[in-house]
Protein chains: 2
Amino acid sequence: MTDVRIERLTPAPAYQAVSRTLERLIMSGQLKQGEALPSETELAGRFGVNRSTVREGIRQLEAQGLLRRDGRKRLLVSRPGQAELAPSASRAMLLEQVTFRELWEVALALEPLAAGLAAERHQHELLQRLEANLEETEAAIAAGRSMVALDTEFHSLVAAATLNRALILAREPIGLLLYPACQAIGPQLPQSGSGLVEAHRQVVAAIGRRDRTAATTWMAEHITDLRRAWELARLDPDGSPTAAGQPA
Amino acid sequence: MTDVRIERLTPAPAYQAVSRTLERLIMSGQLKQGEALPSETELAGRFGVNRSTVREGIRQLEAQGLLRRDGRKRLLVSRPGQAELAPSASRAMLLEQVTFRELWEVALALEPLAAGLAAERHQHELLQRLEANLEETEAAIAAGRSMVALDTEFHSLVAAATLNRALILAREPIGLLLYPACQAIGPQLPQSGSGLVEAHRQVVAAIGRRDRTAATTWMAEHITDLRRAWELARLDPDGSPTAAGQPA
DNA sequence: TCTGTCGGACTGTCGGACAAACCCGGCAGC
DNA sequence: GCTGCCGGGTTTGTCCGACAGTCCGACAGA
């Protein structure tokens, strides 16, 4: 037998042809952001297929965040953002049963970087939101409420302050799994809450005075603490961060 | 007027109900990996909706990589992998016109980490594939061929050798954009190819002798060189890595 | 000017239909 | 007994036609 590469001999289904064609039009810029598409009937006419087929193709792009419906009506082009991608990636990691250690290792690289860049580049509004988050976290601790959501938001805000979209996108799915996992098991460690908020405070302060080094080291310290807390709770670093946030 | 919170009153379309329900079944483990789903007709019967509606729901999950078709026939549950997620993320970054600097900053954090972890944990097979990649790259240089694909693969292999799936997933979309962008402009720098392959060689050697520190520093050096080359080519670090790989 | 009504356009959903591909069991041929 | 061909049932991909609900703009009335 020869080593001839045998192509998968399947005439791609029409609905995939539709979605791929539309995808190319969007990626090539011929369909611009926010622009409205023709109606399904007209698309069907132009593609020369049935409306049902067009709909199936549209569903795929919709699921990928390249298309959106505006209020049950017209279909418009949109770019997939964090809101679309991060949950997908988190889901994939959940299904793969990624371990705490794997998440933590990446976080230890990305979070300090984020804090450092945030210190260099942050804009006023993000700093305000970070400070607001800090206050809410303190209030939550005082009231004994869970601060899972606030902690997760804190790290997202730091990333947002870097203005680095690649970093934001790469970090978000990690945060979505790691922080809920830690905090969900956290209540067993009474003083862990105050340690956490103290670390957050230092990071925000360092970012506020544009001190990259301090922001980096405090964040690294914070992430290291996370692992210490995990081990103190007698949890296996190579175990799965179960019960993590499955966003709807 | 009162401040009563008025919810957006949109009864979710049935096709979304279908996809969300199936998604929950998959995520909760009631539908296991590789398991086959009932036929579309039967699903329609159980959900109490029309087959067309079921199909639209299925298309969404298919686009997210949670379902796959096995040879035109039965539909089976699958977990989305790198092959599904990385292109989506890359597309998103392309649409956002992420700059070279943004990608590079993240790469400078992730790639050395990957190299270091690979040195600690690599298994024999991956090292062999790295060495094969190295040879092919040398051959490509000697023949004057482009080594975009080989360079991209090199970094993917290093990440794979870490056995850290979170890292693999977070890094891949960056690599998919960054390396093609550099190399596509690289030919202007005649000696850059040999510098690149030399760096690769050092990284592979360090991984081979399980020297984490050396692997980390050599990779950091390599990524730094990338930026130097970019600037030598008189390209704006805050420009877009255009002409990058759009994986069809 | 504001309000109520009307017609057109579009989406979401439905039912039915058919060709092609595939799976499976049976049956002849060696 | 094994191989290879054949026919039927199942399932997907695609199409057609239809209808209710909703949205939008136009238009008449107060």
Side-chain angles (χ1 to χ4, degrees), chain A residues 1 6-26 31 34-78 84 248, chain B residues 1 6-23 25-26 31-32 34-78 84 248:
Chain A
M1 267 300 159
I6 303 285
E7 299 277 329
R8 187 165 219 66
L9 191 53
T10 45
Y15 68 89
Q16 278 188 21
V18 169
S19 71
R20 292 211 187 268
T21 304
L22 286 178
E23 178 187 332
R24 263 195 293 274
L25 286 179
I26 295 175
L31 287 175
E35 193 172 338
L37 262 66
S39 74
E40 295 177 354
T41 324
E42 187 172 344
L43 281 176
R46 292 206 208 170
F47 278 116
V49 299
N50 190 277
R51 187 162 79 102
S52 309
T53 306
V54 169
R55 296 188 113 242
E56 293 185 26
I58 285 177
R59 293 294 165 255
Q60 298 204 302
L61 298 180
E62 206 177 64
Q64 292 181 320
L66 285 173
L67 293 182
R68 278 188 117 81
R69 292 254 165 222
D70 186 31
R72 184 84 86 159
K73 245 334 198 198
R74 221 160 190 89
L75 194 64
L76 19 103
V77 180
S78 94
E84 312 278 348
Chain B
M1 271 300 155
I6 305 282
E7 298 278 329
R8 188 163 220 68
L9 191 55
T10 44
Y15 69 88
Q16 278 188 21
V18 168
S19 71
R20 294 217 184 264
T21 304
L22 286 178
E23 178 187 331
L25 287 179
I26 295 174
L31 288 175
K32 294 173 190 174
E35 194 171 337
L37 263 65
S39 74
E40 295 178 353
T41 323
E42 186 171 343
L43 281 176
R46 289 207 211 170
F47 278 115
V49 298
N50 191 282
R51 187 163 80 101
S52 309
T53 307
V54 169
R55 297 187 114 241
E56 293 186 25
I58 286 177
R59 293 296 164 256
Q60 299 206 298
L61 298 179
E62 206 177 63
Q64 293 181 322
L66 285 172
L67 292 182
R68 289 176 71 157
R69 294 252 167 226
D70 186 29
R72 180 87 87 160
K73 245 341 200 194
R74 221 162 190 86
L75 196 63
L76 24 98
V77 181
S78 94
E84 310 276 349

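FYI, side chains are in, hydrogens and waters are out, and symmetry mates aren't considered; it's all heavy atoms of this structure. Throughout, a chain's letter reflects where its sequence line sits, starting with A, and its residues are numbered from 1.
- Atom P of nucleotide dG13(D) and atom CD of Glu56(B) are separated by 14 Å, given to the nearest angstrom.
- To the nearest angstrom, C1' of dC10(C) lies 11 Å from CG of Leu75(A).
- Comparing dC14(C), dT14(D), dC16(D) against the side chain of Val49(B) picks out dC14(C) as the nearest.
- Put simply, the side chain of Arg69(B) and the base of dG13(D) share no donor and acceptor less than 3.5 Å apart.
- dC14(C) atom C1' lies 16 Å from atom CD of Glu40(B), rounded to whole Å.
- Protein atom OH of Tyr15(B) is 16 Å distant from nucleotide atom C1' of dC14(C), rounded to whole Å.
- Put simply, CD1 on Ile58(B) is 10 Å from C1' on dT12(D), counting in whole angstrom units.
- Glu42(A) places its CD atom 10 Å from the P atom of dT11(C), with the value rounded to the nearest Å.
- The distance between atom CZ of Phe47(B) and atom P of dT13(C), rounded to the nearest whole Å, is 13 Å.
- Between the CD atom of Glu62(A) and the P atom of dG12(C) there is a distance of 7 Å, rounded to whole Å.
- Checked against dC15(D), dT12(D), dG12(C), the side chain of Arg55(A) finds its nearest nucleotide in dG12(C).
- Dashed line: the shortest gap from a side-chain N or O of Asn50(A) to OP1 or OP2 of dC16(D) is under 4.0 Å.
- Ion pair Glu40(B)/Arg69(B) flagged as a salt bridge, since at least one NZ, NE, NH1 or NH2 atom sits closer than 4.0 Å to an Asp/Glu carboxylate oxygen.
- When side chains are defined from C-beta on, Gln16(B) counts as touching Gln60(B), because their heavy atoms get closer than 4.5 Å.
- The phosphate of dC16(D) has neither OP1 nor OP2 within less than 4.0 Å of any side-chain N or O from Ser52(A).
- The Thr41(A) side chain lies nearest to dT11(C) when the options are dG13(D), dC15(D), dT11(C).
- In the set dT14(D), dC14(C), dT11(C), dT11(C) carries the atom at the smallest distance from any side-chain atom of Ser39(A).
- Within the structure, every side-chain polar atom (N or O) of Arg74(A) is placed at least 4.0 Å from both OP1 and OP2 of dT22(D).
- Checking Glu56(B) against Tyr15(A) by side-chain atom types alone, no donor-acceptor pair falls below 3.5 Å.
- Under a 4.0 Å N-O distance rule, the pair Glu35(B)/Lys32(B) does not qualify as a salt bridge.
- Salt bridge annotation for Arg68(A)-Glu62(A): absent, with no cationic side-chain nitrogen under 4.0 angstrom from a carboxylate oxygen.
- The base of dT14(D) sits within donor-acceptor range of the side chain of Arg51(B), with an N or O pair under 3.5 Å.
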